[in-house]
Protein chains: 2
Amino acid sequence: MNLKEFSELLGLSPTTVSRALGGYPEVKEDTRRRVHEAALQHGYRPNRRAAALATGRAMAIGHVIPISLNHEMVNPVFADFIAGAGEIYAAAGYDMTMSVVPDGEELRVHRQMALTGSVDGVIVHAPRENDPRIPMLQEFGIPFVVHGRVPDTELTYNFVDVDNARAFRRATDLLLDLGHRRIALVNGLQHMDFARRRRQGYLAALDARGAPITSDLQVSAEMSERMGFLAAQRMLALPAPPTAFLVSSLIMAIGVRRAIHDAGLEMGRDISVVTHDDMLGYLANGDEVPLFTATRSSVRAAGRRCAEILLGRIPNPDAPPDQEVWESELVLGASTGPAP
Amino acid sequence: MNLKEFSELLGLSPTTVSRALGGYPEVKEDTRRRVHEAALQHGYRPNRRAAALATGRAMAIGHVIPISLNHEMVNPVFADFIAGAGEIYAAAGYDMTMSVVPDGEELRVHRQMALTGSVDGVIVHAPRENDPRIPMLQEFGIPFVVHGRVPDTELTYNFVDVDNARAFRRATDLLLDLGHRRIALVNGLQHMDFARRRRQGYLAALDARGAPITSDLQVSAEMSERMGFLAAQRMLALPAPPTAFLVSSLIMAIGVRRAIHDAGLEMGRDISVVTHDDMLGYLANGDEVPLFTATRSSVRAAGRRCAEILLGRIPNPDAPPDQEVWESELVLGASTGPAP
DNA sequence: CGGCGCAGCCAAAGCGGTTTGGCTGTCCGC
DNA sequence: GCGGACAGCCAAACCGCTTTGGCTGCGCCG
């Protein structure tokens, strides 16, 4: 059933029906009600594609989520981010179009989204050093929000980011305060901006206290349980093993915990662990007492906020950029204690 | 830049340009090359919305992913399923439109997708008992594929499912063979079809061997680490604690493992664990030797297959239904041993 | 040499909405 | 009694593409 048929059914013109449904004031309240009822009864809904074409707005937001080539893995934080953003889109009547693309092909897909007008805006996930997507999107003039930041570029775009450097500096300071000196960093892949910043915070804290900095105690890897396990296992076998781990994600931290157990040690007594916690739904960090001492920031809330900002930009794209750097909480859990 | 402008630029008619780009044979090879080059150079790409309207095909597939009301959690298997499906869509030039909706609102969203013609087909996630989505989609005549099945309905639709009953029956048999009698089931929510079937398999195996069946040893909960932990913790404190756990997801199993450790027991020696493993990218089940003995089936492969089937139905929707029930592997890991 | 077939291009009619710019009729004020 | 304002409806022009159904001109055959 299309608008023409439906309006004939009602004995009205397409114009009036469209306006009645669209909530415009030019139709009598009586007529509007009649139209609404008939729409419900006959199951008429305006065709989205046609409406998109006519209005020039697609009522859709694009997400391009990268999937790592090596291990074919998609970062589990996306699910929660998407859930957050999805809430906002649903409330505003927007769709979310998603592409899952291999690392490195994001540029092409973003370009296509911009060029074909299939979306009104995009979210940039997982920004990297010198990320080419940002200048490209700016050139195309399509609204976008970055989840994270890019180093060494002019910050003329919208973004929501956690203060990763500060979070990991504070976490490192905590471990130093507890007397730890050999503190290991189990980080995400180094070309990711968040990993770089976390490492900066870690190094800055060690440096400020004159604690030793070794490459032995720094690992960058994909954020899987397995990589956390392997990294910790290797480090625990060193002649001078670390007494504390600083880990970039809860899922890696679970791997680290496993390595600690396997080595016959006890987490929180023999070895301390601080992790970043994205507050994923299916991976709560304990109950009242957090399992892990953690720097904590909800990735789902970030998803919500990115979506809000993006939708806000669509009507007026030339407003000054919205930029938010979130402080993460540092919560004390059962995984840290004084250095042995 | 639109088709009209672009074709004027080339001194050709819109028709010819459209055909050249579309790969139709009515244009000279020479002209086609010229058009392609110009398109690349001027960054022209046909507007997807307009193309969708003209062809009647949206070139998009809808996914509606439910998010549990209680704990606001989105099942982590979706990320991997989506990644698999996304591969197929990308190769076929399809988009994926996703809605994240609270439990129970899926019906409304599916209806809207069907009615507004914003997608050419949909994937039904997480089917439940008497799921109203299936008859509704059938009535609307929009192609769809169910990831899973629904009990007690005529199986006249397309689906890809794991043989959950058989997988858990085999797993239970394994534990019984090892001498275990008090075997606990830590399952997903009971209204989910897969959870129901797994329970059936578990009960059938116990029943066949005359092993005791107690409600004390059966839990249905959301599949988070926390719920796995709490369930196992509670059961281990029973007067007659289980000697083995059968768990519905690796993430829950990690919680179970934690509870076992906390109780001062060792997994694989004091307590056995068998889990279902969806083979999520970031949660590999160990290396050469699996960490957990597991029934194993790749949810990502299921995503790929569902997408393939769905795309195949779009050209001929009236073909007999594609139905696949996958056998899952039973892999032996370090988490099982003879009953103490 | 006339006619037919075909390669190669084009004009125009959709697809299903939204929106601009009327048009009618009623009501009110002077 | 007349003019203007306004409520309420409608016709028609888009939006940007695809696709049907020509049209032209050339080559080939009888």
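Chain A is the first sequence line, chain B the second, and so forth, proteins listed ahead of strands; every chain is numbered from 1.
- In this structure, the CD atom of E5(B) is 15 Å from the P atom of dC14(D), given to the nearest Å.
- Of the candidates dA11(D), dT20(D), dG14(C), dT20(D) carries the atom nearest the R19(B) side chain, counting heavy atoms from C-beta on.
- In this entry the distance linking CG of L10(A) with P of dG8(D) reads 17 Å, nearest Å.
- Side-chain proximity of A54(B) to dG16(C), dG14(C), dC10(C): nearest is dG14(C).
- Between N47(A) and dG16(C), a side-chain N or O to OP1/OP2 separation shorter than 4.0 Å is absent.
- Proximity note for A51(B) (side chain, C-beta onward) versus dC17(D), dT19(C), dG16(C): the nearest is dC17(D).
- Judged by distance alone with a 3.5 Å cut-off, a donor-acceptor contact links the side chain of T15(A) to the base of dT19(C).
- Between E26(B) atom CD and dT24(D) atom C1' there is a gap of 16 Å when expressed in whole angstrom units.
- Rounded to an integer number of Å, the gap from CZ of R32(B) to P of dA7(C) is 14 Å.
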Verdict with reasoning, H125(B) to F81(B), per ring-ring contact (aromatic ring centres under 6.0 Å, His included): CA-CA 10 Å; H125(B) 288 285; F81(B) 184 93; 4.9 Å; yes
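- Taking the six-membered ring for Trp and the full ring otherwise, H63(B) and Y89(B) have centroids separated by under 6.0 Å.
- For the pair R49(A) CZ and dG16(C) P, the computed distance is 8 Å after rounding to whole Å.
- The 5' end of DNA chain D is approached more closely, in terms of each residue's nearest nucleotide, by L53(A) than by the other of L53(A) and S18(B).
- Residue-level contact check: F6(A) touches neither bases nor backbone, having no heavy atom under 4.0 Å from any strand.
- Checking the phosphate oxygens (OP1, OP2) of dT18(C), no side-chain nitrogen or oxygen of Y24(A) falls inside 4.0 Å.
- Taking every side-chain heavy atom of P46(B) into account, dC17(D) is the closest of dC17(D), dC10(D), dG16(D).
- Between R57(A) atom CZ and dT19(C) atom C1' the separation is 12 Å, expressed in whole Å.
- In this structure, R45(B) atom CZ and dT18(D) atom P are separated by 11 Å, rounded to whole Å.
- Taking the side chain of N2(B) as heavy atoms from C-beta on, and the options dT18(D), dC15(D), dG16(D), the nearest nucleotide is dG16(D).
- Between S13(B) and dA11(C) there is no side-chain N or O to OP1 or OP2 distance below 4.0 Å.
- Distances shown here put a side-chain N or O of Y44(B) below 4.0 Å from the OP1 or OP2 atom of dC17(D).
- Put simply, the residue from N158(A), V150(A), V145(A), L137(A) that forms a side-chain contact (heavy atoms from CB on, under 4.5 Å) with V124(A) is L137(A).
- Comparing L12(B) and M1(A), the nucleotide of DNA chain C nearest to each residue sits closer to the 5' end for L12(B).
- The residues E37(A) and R34(A) are annotated as not salt-bridged, no charged nitrogen and carboxylate oxygen being separated by less than 4.0 angstrom.
- Distances from the side chain of V27(A) to the nucleotides dG16(C), dC9(D), dC17(D) place dC9(D) closest.
- A ring-centre distance under 6.0 Å is not found for F159(A) and H147(A).
- Within the 4.0 angstrom heavy-atom criterion, only backbone atoms of the sugar-phosphate kind lie near T55(A); the bases stay farther away.
- For the pair R48(A) CZ and dC15(D) C1', the interatomic distance rounds to 17 Å; values are reported in whole Å.
- Just one residue in the list V27(A), L9(A), T31(A), L3(A) forms a side-chain contact (heavy atoms from CB on, under 4.5 Å) with V17(A), and that residue is L3(A).
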